Asker: 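Okay, handing you the structure first.
The figures here come from the full heavy-atom set of this structure, side chains too, leaving out hydrogens, waters and symmetry mates. As the structure is a prediction and not an experimental result, all values here were calculated from the model.
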Amino acid sequence: MSFSLATEGLSKAFRLHLQGDVRIPVLDGVDFSVAPGECVALAGPSGAGKSTLMRCLYGNYGVGAGRILIRHHGAPVDLAAADPRLVREIRRDTLGYVSQFLRVIPRIGARDIVAEPLRARGVPAEAARARASALLTRLNLPSRLHDLPPATFSGGEQQRINLARGFAADYPVLLLDEPTASLDPANRQVVVGLIAEAKARGAALVGIFHDTEIRDLVADRLFEVHPMQDAA
Amino acid sequence: MSHDPGYNFAYLDESTKRMIRRAILKAVAIPGHQVPFGSREMPLPYGWGTGGIQVTAAILGPTDVLKVIDQGSDDTTNAVSIRAFFRRVAGVATTERTAEASIIQTRHRIPERALREDQILVYQVPIPEPLGRLEPRIAETRRMHAMADYGLMHVKLYEDIARHGHIATSYSYPVMVNGRYLMSPSPIPAFDNPKMDQMPALQLFGAGREKRIYAVPPYTSVKSLDFDDHPFRPIRAPQTCELCGSRDTYLDEVLTDDVGGRIFVCSDTDFCTERQAVREAAE
Amino acid sequence: MSTPLLTAPLLTARDLTLHFGRVAALDGVDLEIHPGEVVAIVGESGSGKTTLLRVLSGLMRPDGGEVSYLGQDVLGMGEAARRRLMRTEWGFVHQNPRDGLRMAVSAGGNIGERLMATGARHYGNIREQASHWLTRVEIDPARMDEVPARFSGGMQQRLQIARTLVTLPKLVFMDEPTGGLDVSVQARLLDLIRALVADLGLAVLIVTHDIAAARLLAHRMLVMRHGVVVESGLTDRVLDDPQHPYTQLLVSSVLAA
């Protein structure tokens with residue numbers, strides 16, 4: 001089976017130099033793969049390392065050992081060993097990430113935050129903003145809020161901006177970290193629809209879903225992340 | 001005529017003259033470039049032409065005929081004193097006629113009559129550095145000259161236009177010499193700037209307090225800085241000379257009484273006198 | 001569709017060393033910056049980051065190492081060539097706007113200087129450019145003829161940026177550009193820099209000790225300590241998964257960066 005994103009023997013440990021050099025292993029030899037059009041949900045108890053795996057997949061955390069292969073512009077690339085500029089290019093063209101929290105950029109309105117990934121690819125401002133408006137409207141964000149900086153928005157509003165930003169650019173691979181945590185039932189259904197459409201266009205999705213009802217609606221299969229024994 | 005035997009010819013000792021001549025030669029070789037020299041104490045205060053006098057003393061020969069003008073005039077204190085000084089210490093002939101002089105020392109004017117190849121014009125210079133008011137660090141101004149990094153000078157002209165609607169610099173108007181060095185023409189009126197361009201006479205500049213000599217050799221390009229949409233314009237009072245009727249010379253405004261009466265007359269007294277004589281002869 | 005990010009480097013430095021007496025200000029520093037890339041150099045005061053900026057921009061000579069800009073040897077080039085770069089393809093934004101502005105020259109004249117230095121001789125066009133750039137840095141163009149001494153600190157810094165960017169440089173060095181400003185003013189300035197850099201595709205090398213500023217602006221960052229680059233990489237990876245003890249200390253010292 002061809003993959004969009006796969007790991008081979010992925011290991012990750014944190015070494016905390018400020019806490020007496022304690023070493024905390026989190027992932028050890030993880031082999032994982034997701035195919036185009038597939039949505040895989042990461043499962044496992046709290047603290048098992050689902051978020052760590054997710055952040056490794058995005059290149060946000062470095063890895064201790066193993067490879068992260070991502071199909072970028074048609075060819076597999078090892079994200080774990082990629083040059084920072086290649087990581088940026090992969091994130092611009094191939095790999096999207098919807099985090100739990102919105103990192104607010106001062107003074108930038110919601111619509112421009114959502115349009116930004118498209119602008120980075122060279123999409124003209126008007127087209128990018130139109131796409132952003134459409135997504136925000138679909139996620140039921142009142143249009144009077146579209147041009148306001150979201151610093152003062154509620155958690156649910158900020159999360160919808162995050163979702164719109166993640167889905168605006170039609171990434172071939174999309175990572176979703178608790179995408180529905182602060183949403184009401186109506187907006188959860190919108191997210192379910194967005195995920196279904198992404199799968200239909202051939203995107204590979206990896207998600208952490210706290211909400212098992214949603215998870216079972218969107219995930220094709222589960223990938224169990226096992227907690228490791230603490231070691232010194 | 002002989003000079004006062006109590007002094008060496010032309011006041012300065014011979015080795016000082018040689019030092020100044022070397023500076024002059026270097027200045028002529030690098031048109032517009034300021035050459036440092038060991039300026040001497042002269043028997044008059046700074047600001048009265050000590051730089052010009054030293055240059056004149058270094059180039060003066062027994063057969064030279066010297067003319068000295070101050071703001072175009074031969075008969076003001078500064079001009080009269082310097083002429084008397086060289087008559088005494090060098091015994092040279094002096095004149096008020098531009099055409100008859102071989103060396104003309106000037107403060108703040110260029111004579112109206114065109115100068116010839118066998119004449120030398122010596123300027124008294126108070127502030128030789130054209131960039132000085134914009135860039136106070138001397139080391140930096142010298143680096144700017146070395147690199148021909150002259151954008152700043154246009155900033156000054158830009159500021160003029162922004163503030164006054166036109167380039168309000170009416171004297172000490174900066175020029176580019178030979179397409180390379182930015183130079184202050186000394187505080188001559190901008191009206192005189194075009195006369196410096198391709199002048200047949202050698203032009204020497206001496207700044208006594210600042211200890212700098214610079215030069216424009218004969219037939220050298222001297223261009224006043226400007227903008228395409230604000231070209232350089234030599235400005236003069238739009239009047240006619242009350243005495244000689246001239247409409248194309250630089251005029252001084254003279255108050256004639258204490259109730260607002262005023263007339264305009266040529267600043268170049270020799271030129272004006274000559275024209276009056278021609279007019280009278282014609283009548 | 002989109003432009004590739006993998007281009008040849010604009011500026012490359014190899015094995016830079018510089019000692020002040022027995023103190024190593026730079027100790028074997030390597031660095032590359034590519035077109036359109038924003039690289040932050042972070043570290044505490046005295047870590048050598050400002051020295052590195054001065055060496056890279058040719059303002060200071062190292063004891064050893066090389067710096068090349070588009071194939072030209074920066075340390076070997078004459079001062080005339082270096083100055084030409086500095087007023088055309090490079091820019092330098094100082095921490096204190098007084099070091100980068102002419103305080104007695106109007107805002108318009110400050111912006112116009114680089115244009116005039118590179119041969120602009122049309123007053124009307126220079127004014128037009130100045131007005132355009134004042135607008136871009138959010139200063140009312142009606143204040144074009146005022147001197148910067150009458151501007152607030154934040155405005156002065158924005159004016160310095162306009163003055164630097166007017167010739168559309170390829171590479172801009174910034175030394176703590178938000179250093180002396182109030183926090184509220186800093187955010188606005190950072191955001192402005194972020195937008196301009198993205199619009200103009202500038203490469204920026206920014207020295208800062210403000211981790212939040214680095215996160216907002218930089219694609220990549222270098223952490224310096226005692227003249228050594230102890231860690232470098234993608235900004236979010238260095239900040240979220242720091243490896244070196246010093247970087248961990250730096251990150252943990254910041255309130256929610």
Asker: What are the two closest heavy atoms between Arg55(A) and Asp240(C), and how far apart are they?
Answerer: NH1-OD2, 3.9 Å
Asker: Could you look at Tyr58(A) and say if it's the side chain, the backbone, both or neither that has a heavy atom under 4.5 Å from chain C?
Answerer: neither
Asker: How long is the gap from OG1 on Thr235(C) to CG on Asn60(A), to the nearest 0.5 Å?
Answerer: 11.0 Å
Asker: Glu37(C) side chain to Arg85(A) main-chain N or O, any donor-acceptor pair under 3.5 Å?
Answerer: no
Asker: Which value, rounded to the nearest 0.5 Å, describes the distance between Glu32(C) atom CD and Asp83(A) atom CG?
Answerer: 8.5 Å
Asker: Looking only at non-hydrogen atoms, find the nearest pair between Pro84(A) and Arg220(C) and report the distance.
Answerer: CB-CD, 3.5 Å
Asker: Restricting to non-hydrogen atoms, name the atom on Leu79(A) and the atom on Arg237(C) that form the minimum distance, rounded to 0.1 Å.
Answerer: O-NH2, 4.1 Å
Asker: Could you tell me whether the side chain of Arg15(A) and the main chain of Gln243(C) form a donor-acceptor pair under 3.5 Å?
Answerer: no
Asker: Side chain, backbone, both or neither: which part of Arg188(C) has a heavy atom under 4.5 Å from chain A?
Answerer: both
Asker: Tell me whether Arg88(A) is salt-bridged to Asp236(C), with the criterion being a basic N under 4.0 Å from an acidic carboxylate O.
Answerer: no
Asker: Would you name the heavy atoms of Arg107(A) and Leu192(C) that are closest together and state the gap between them?
Answerer: NH2-N, 4.2 Å
Asker: Need one label for Arg119(A): side chain, backbone, both or neither, based on atoms under 4.5 Å from any heavy atom in chain C.
Answerer: neither
Asker: Do Leu249(C) and His17(A) come close enough that some side-chain heavy atom pair is under 4.5 Å?
Answerer: no
Asker: Using 0.5 Å steps for rounding, measure from the OG atom of Ser253(C) to the CG atom of Leu18(A).
Answerer: 8.0 Å
Asker: Using a 3.5 Å distance criterion without hydrogens, assess whether the side chain of Asp241(C) forms a donor-acceptor pair with backbone atoms of Gly62(A).
Answerer: yes
Asker: Mind ranking Leu190(C), Leu216(C), Asp191(C) by heavy-atom pairs under 4.5 Å with chain A and telling me who comes out on top?
Answerer: Asp191(C)
